[in-house]
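Since the structure comes first, as structure tokens, the remarks are kept for the end.
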Amino acid sequence: MRFNAVFASVLFSSTLYGGVCADDLEDVLEDTPSPVAKSATSSSSAIEHPTFTPVTIKAPFLEQFTDGWDSRWIPSHAKKENDKTGDEEWTYIGNWAVEEPTVFKAIEGDKGLVVKDKAAHHAISAKFPKKIDSKGKTLVVQYEVKLQNGLECGGAYLKLLRENKALHQEEFSNASPYVIMFGPDKCGSANKVHFIFQHKNPKTSEYEEKHLKSPPSARIVKTTTLYTLIVRPDQTFEIKIDGTSAKNGTLLEDFTPPVNPEKEISDPKDTKPDDWVDVSRIPDPEATKPEDWDESAPYEIVDEEATKPDDWLDDEPTAVPDPEAQKPEDWDDEEDGDWIPPTVNNPKCDEASGCGKWEPPTKKNPAYKGKWTAPLIDNPAYKGPWEPRKIPNPGYFEDKTPANFEPMGAVGFEIWTMQNDILFDNIYIGHSIEDAENLKALTFDIKQPIEKLEAAEATPPEPEKPKSPSDLKFLDDPVYYVREKVDLFLTIAKNDPIQAIKFVPEVAGGAFAILFTVIALVVGTMVSGGSPPQEKKVTDKAKEVAAGAKATEAKKDAPEATKRTSKKAD
């Protein structure tokens, strides 16, 4: 951490705020304790915590992560396939555990599946006792998500995997065929609850992803959130969050690309005729410029009626030497030239209408007309916008029952996330809305009020820091800003340097800037070291340049004139 903070201090002071001295930030770091997150759990004895008891609800698949869970859930160690090139680039190295919550624990002994590593690819899956076929039936998918460390970038969704003979859990990856992908996903400002299903084209037998057009936003809180998806045989669907309806629609109308293609398409062989006119308005060919139209008249002219204000100070300069400026003690007149104090705005000018030579202002020229152009008229040859003719779509089909999904053989989590300790629990996959509601009543409805009480009693950190490094601002707390940014960069870079550069570009850019500066200093030292020092005289022109530079610095409210370091040759 010590190295990270010093590195970050130099990085941000050199790239973002050039006037900040690295030594000053080093002193600040010595005096400022590293922020320590306070526990979000409450030890209050006033809150009663019931003891976990497994439910007796029967379902095609119901998981509460009781004893023997590791015989049902198999972590994947496959390679993550690159979506664009097909090259294998990342391994699913993220670890999983089943444990009780560490934040806002509500029920004693209630365990869930937990993501254990930051900035890592995780994959794990469990096969169904027998395949789940939703043809002609309601499909209900419900599970709990507990973001114990929040969620600034990553997914917490699940996938229902397509039943096939090649469904090997050890090789489960992003390339594994799935039927439905459902659940929260957030990164930066993008925040949604995914509902994606793969639809089989009856003509080509190829699968295509169908994405919900306007998905609801995920709840990014540290208490448990319940996500429920219901797909009915009438092709309608509903998404609930904590039991409240968040989105309703139909598979046939609310997904992109649509399930069924257009009946007709534009003829790809049809071309616009050469004589087709699609310009609706043209300059009037019969119009002529009026004889009195003067294109040379200027836009503005001097206001002849203006008079000089009575309090105008003709003999006062607009800028005067700064009376508070003092010659630096180490200024050498012989080496640095005559010291000239910086200038500031003449305070007398601020009290009057103005200073210096008065000149009348300008006003808009009433005779100005600008360049003449012919007025537009309707084009008599206009035929309207051209469109290719329509022909029957050779790839057209009509699937009226996309809710008849392919049979499903397993459920899995295949995610990348910046946060660890994401907890999943009480997964229900079946056909009964009533059973899902009963499971909610026996689990979520019991723990939610307890968690809310725990959260209300938890003491927030002082001073309160933004939960996400992406929300931090340098000026609010420079030390905390640079520490968090560099820690975040190094954490991601351990597993994925490319993701680190993309997610924290300011750290990567600052590092390159520092490297470039060091190289420049080394090269400059080598070059200057070969030339003997020479005494240099200051010319009148150099004095003017120096005076101008110091005047610029004074306008920036510099506390004192900057010493010249360059010397003039004899």
Whether the [X] and [Y] side chains hold a donor-acceptor pair (N or O, under 3.5 Å, no angle test) is what I'd like checked.
X: Gln142; Y: Thr228; value: yes
X: Tyr178; Y: Glu209; value: yes
X: Gln148; Y: Thr102; value: yes
X: His49; Y: Glu454; value: yes
X: Asn149; Y: Asn420; value: yes
X: Glu63; Y: Trp73; value: yes
X: Ser245; Y: Glu238; value: yes
X: Asp234; Y: Thr236; value: yes

is_close_aromatic(Phe197, Phe405), centroid dist under 6.0 Å: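 Yes - the distance between ring centres of Phe197 and Phe405 falls below the 6.0 Å cut-off.
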Are Phe195 and Phe255 close enough that their ring centres sit under 6.0 Å apart?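 Yes.
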Do side-chain atoms of [X] reach the backbone of [Y] as a donor and acceptor pair under 3.5 angstrom?
X: Ser76; Y: Ala78; answer: yes
X: Lys159; Y: Phe182; answer: no
X: Gln235; Y: Ala403; answer: yes
X: Lys135; Y: Pro407; answer: no
X: His431; Y: Thr138; answer: yes
X: Asn393; Y: Glu262; answer: yes
X: Gln64; Y: Val55; answer: yes
X: Asn201; Y: Thr204; answer: yes
X: Asp399; Y: Phe397; answer: no

For residues 204-225, which residue pairs qualify under ring pair (Phe, Tyr, Trp, His ring centres under 6.0 Å), counting only residues two or more places apart or in two chains?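 Residue pairs passing ring pair (Phe, Tyr, Trp, His ring centres under 6.0 Å), neighbours aside: none found.
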Nearest-0.5 Å distance that lies between atom OH in Tyr227 and atom CD1 in Ile241: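 Between atom OH of Tyr227 and atom CD1 of Ile241 there are 5.5 Å.
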Nearest 0.5 Å, what's the CG-CD1 distance between Leu113 and Ile427?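 Here the interatomic distance stands at 7.0 Å.
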If you look at every heavy atom in [X] and [Y], which pair is closest and at what distance?
X: Gly183; Y: Tyr143; value: CA-OH, 3.3 Å
X: Lys240; Y: Ile230; value: CE-CD1, 4.3 Å
X: Pro50; Y: Ile450; value: CD-CD1, 3.6 Å
X: Leu139; Y: Ser134; value: CB-CB, 4.2 Å
X: Pro60; Y: Pro129; value: O-CD, 3.5 Å
X: Phe413; Y: Phe172; value: O-CE2, 3.6 Å

Can you check ring-ring contact (aromatic ring centres under 6.0 Å, His included) on His122 and Trp96, steps first, answer last? CA-CA 8 Å; His122 293 72; Trp96 299 86; 5.4 Å; yes
Set out, in order, the CA-CA distance, both residues' side-chain angles and the distance that settles ring-ring contact (aromatic ring centres under 6.0 Å, His included) for Tyr92 and His77, then state yes or no. CA-CA 5 Å; Tyr92 292 98; His77 300 290; 9.2 Å; no
May I ask you to check whether over 12 heavy atoms, not counting those of [X], lie within 6.0 Å of atom [atom1]?
X: Glu387; atom1: CD; value: no
X: Glu398; atom1: CD; value: yes
X: Glu99; atom1: CD; value: yes

Between [X] and [Y] (salt bridge meaning N to carboxylate O under 4.0 Å), is one present in this structure?
X: Lys186; Y: Glu152; value: no
X: Asp185; Y: Lys192; value: no
X: Asp254; Y: Lys213; value: no

Name the residue from Lys111, Lys105, Lys146 that meets the salt bridge (Lys or Arg N to Asp or Glu O under 4.0 Å) definition with Glu100.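 Looking at Lys111, Lys105, Lys146, the match for Glu100 under the salt bridge (Lys or Arg N to Asp or Glu O under 4.0 Å) is Lys105.
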Test side-chain contact (heavy atoms from CB on, under 4.5 Å) applied to Glu144 - qualifying residues, sequence neighbours left out: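 By the side-chain contact (heavy atoms from CB on, under 4.5 Å) rule, Glu144 matches Thr224, Leu226, Asp425, Asn426, Thr443, Phe444, Lys447.
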